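Just so we're clear, the structure is a prediction, and the values are computed from it rather than from any experiment. Letters go in sequence order (proteins before strands), and every chain restarts at 1.
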Amino acid sequence: MEVVSLEQMEMKQGNDYEENQQQQKQKQKQLQLQQQQHFHVLAVDDSLIDRKLLEKLLTISSYHVTCVESGDKALEYLGLLDGRDNDTTSSSSPSSPSFSSSSSSFSSSSSANSTQQEMQGLKVNLIMTDYCMPGMSGYDLLKRVKCGSSWKDVPVVVMSSENVPSRINMCLEGGAEDFLLKPVQLSDLKKLQPHLLKSLSQFPCENISSTSSTNEDDESINKNNNSSCSSCSSSKISNNGVCKRKALVSADPLERRSKLKD
Amino acid sequence: MDRNKQHRQVALMRQSLFDQGLLDEQFVQLEELQDDANPNFVEEVVTLFYRDSARLILNIDQALDKSPLDFAKLDSYMHQFKGSASSIGAKKVKSECTLFREYCKAGNGEGCKRTFQQLKKEYALLRKKLESYFQLARQVGPVETACRRI
């Protein structure tokens with residue numbers, strides 16, 4: 001019969017605890033990574049080169065990306081053209097219909113009704129838009145998205161090759177999450193991560209997952225940002241690191257610093 | 001070994017592009033986006049740049065032939081062109097763009113024309129040099145990757 005001293009038992013408990021903590025951290029990281037892979041970014045830029053670059057930057061950062069060449073195309077994609085808005089009411093059920101995400105450039109010639117239906121399940125976690133575009137500017141797009149549309153809670157980042165403080169301030173005042181100077185770099189995208197995670201954490205009850213995260217249902221994470229979540233309590237969520245970062249839906253972003261290069 | 005010599009050639013060629021002020025940090029950023037899945041990404045972007053900017057060059061040429069000059073339009077074209085040049089790290093071309101825009105703001109038509117001629121020269125020179133560089137790099141490239149893995 002093996003005799004184990006009290007000390008040995010305590011040590012083992014301590015080790016177990018540490019191991020447990022490490023395992024939990026790993027699982028949180030895994031979860032984050034998986035959630036990241038489901039992030040869908042809508043990139044808007046009239047420059048072909050910059051679209052190609054953005055697509056690459058975002059893909060390498062493990063995001064899904066859809067590139068469009070104008071504000072109008074972006075609105076069309078979001079189902080916001082002609083004041084048409086797929087704004088669901090607050091009593092919408094949390095379980096949304098099937099969604100679609102693409103990593104290709106958007107082109108659509110579908111009829112009005114079917115487009116709207118398609119867009120019902122569309123998920124966009126971040127909009128990145130160039131400022132200077134012919135026709136609708138990035139600022140115009142920002143305002144259209146932020147002012148009362150069903151996408152108003154989606155973070156919008158504006159990009160520009162010109163460092164104009166008044167322009168930057170105007171965009172931030174207009175609801176932009178951040179303002180990036182072009183050319184955009186990988187390091188800029190890393191800084192955007194918290195904004196994206198915040199958009200996920202607004203609906204933590206949809207992020208509930210069992211600890212065996214490999215069986216995660218995509219739909220539990222990827223929801224249309226507008227769906228409400230009334231019966232959520234953080235006690236339901238155990239190992240989900242995202243819930244700790246839950247942001248108030250109506251809160252202003254904590255950081256409004258713009259990036260100013262040398 | 002022959003291969004080592006080629007590697008060094010590629011590296012020297014690359015470095016000279018930076019030393020001569022033709023390329024800046026953004027080019028390095030592009031290189032960092034290149035990987036095994038996309039081994040020719042930089043070349044693709046540069047090729048796309050030259051293809052896409054050709055029409056802008058034409059537009060500017062045509063606009064410079066008009067009289068009187070429409071500086072707002074010229075500036076707008078150049079703003080687009082400069083953006084693309086900046087995105088691929090074309091340092092010298094970019095600085096010519098900046099100069100051109102300054103002449104636009106000053107309403108200096110002669111300055112614009114002169115600068116644009118210079119810009120086109122730099123643009124063509126960079127293209128040639130990059131083509132040679134990519135060609136050599138492609139010959140040597142795969143071998144380099146294999147060495148890195150060891």
Side-chain angles (χ1 to χ4, degrees), chain A residues 37 41 43-65 67 69-71 103-105 128-139 158-164 167 179-192 259-262, chain B residues 23-57 59 72-91 93-95 97-98 100-102 104-105 123 126-127 130:
Chain A
Q37 283 161 9
V41 181
V44 191
D45 201 318
D46 62 310
S47 159
L48 185 59
I49 302 288
D50 288 344
R51 281 202 302 279
K52 185 171 173 84
L53 268 181
L54 270 172
E55 187 181 48
K56 189 71 176 148
L57 282 166
L58 290 164
T59 307
I60 273 200
S61 306
S62 300
Y63 302 129
H64 288 172
V65 57
C67 289
E69 63 187 4
S70 70
S103 353
S104 57
S105 297
M128 291 183 73
T129 179
D130 189 22
Y131 180 87
C132 276
M133 296 188 291
M136 185 183 292
S137 74
Y139 180 75
V158 183
M159 308 171 283
S160 175
S161 54
E162 290 169 318
N163 186 350
V164 181
R167 174 186 296 180
F179 193 100
L180 299 177
L181 288 181
K182 286 169 130 185
V184 175
Q185 302 181 346
L186 266 174
S187 51
D188 297 326
L189 290 188
K190 291 203 174 94
K191 289 183 198 156
L192 291 182
K259 179 183 171 228
L260 296 170
K261 278 195 180 152
D262 301 319
Chain B
L23 295 176
D24 63 26
E25 164 67 21
Q26 177 60 17
F27 191 82
V28 180
Q29 291 287 319
L30 291 185
E31 288 176 319
E32 282 175 13
L33 294 176
Q34 193 159 279
D35 55 20
D36 291 339
N38 249 135
N40 300 313
F41 178 70
V42 185
E43 190 178 354
E44 279 168 27
V45 177
V46 170
T47 305
L48 192 63
F49 165 70
Y50 277 99
R51 207 186 313 146
D52 188 54
S53 57
R55 67 178 166 84
L56 276 173
I57 299 268
N59 288 343
K73 197 178 222 177
L74 284 167
D75 188 64
S76 167
Y77 285 141
M78 190 48 77
H79 174 250
Q80 284 180 59
F81 185 81
K82 183 182 169 186
S84 297
S86 167
S87 292
I88 70 157
K91 188 176 182 182
V93 172
K94 183 178 160 188
S95 64
C97 294
T98 305
F100 184 95
R101 293 190 76 194
E102 279 168 23
C104 279
K105 288 194 185 86
Y123 175 77
L126 179 65
R127 179 190 223 151
L130 282 176

Given B/Glu32, B/Gln80, B/Glu44, B/Lys82, the one with more heavy-atom pairs under 4.5 angstrom with chain A than any other is B/Glu44
Side chains of B/Asn38 and A/Ile60: closer than 4.5 Å at any heavy-atom pair? no
Which heavy atom of A/Leu186 sits nearest to which heavy atom of B/Gln29, and what is that distance? N-OE1, 4.0 Å
Between NZ of A/Lys56 and CG of B/Asp35, what distance do you get to the nearest 0.5 Å? 4.5 Å
Give, for atom CD1 of A/Ile49 and atom CZ of B/Arg51, the distance between the pair rounded to the nearest 0.5 Å. 9.0 Å
Candidate pair A/Lys52 and B/Ser87, rule side chain to side chain contact (heavy atoms under 4.5 Å, CB included), full reasoning: CA-CA 10 Å; A/Lys52 185 171 173 84; B/Ser87 292; over 6 Å; no
With respect to chain A, which residue among B/Ile88, B/Asp52, B/Leu33 yields the maximal number of heavy-atom pairs within a distance under 4.5 Å? B/Leu33
Working to the nearest 0.5 Å, report the span between CG of B/Leu30 and CG of A/Leu57. 8.5 Å
Going from CZ on A/Arg51 to CG on B/Leu48, what distance comes out if it is rounded to the nearest 0.5 angstrom? 9.5 Å
Looking at side-chain heavy atoms only, is the closest gap between A/Leu53 and B/Gln26 below 4.5 Å? yes
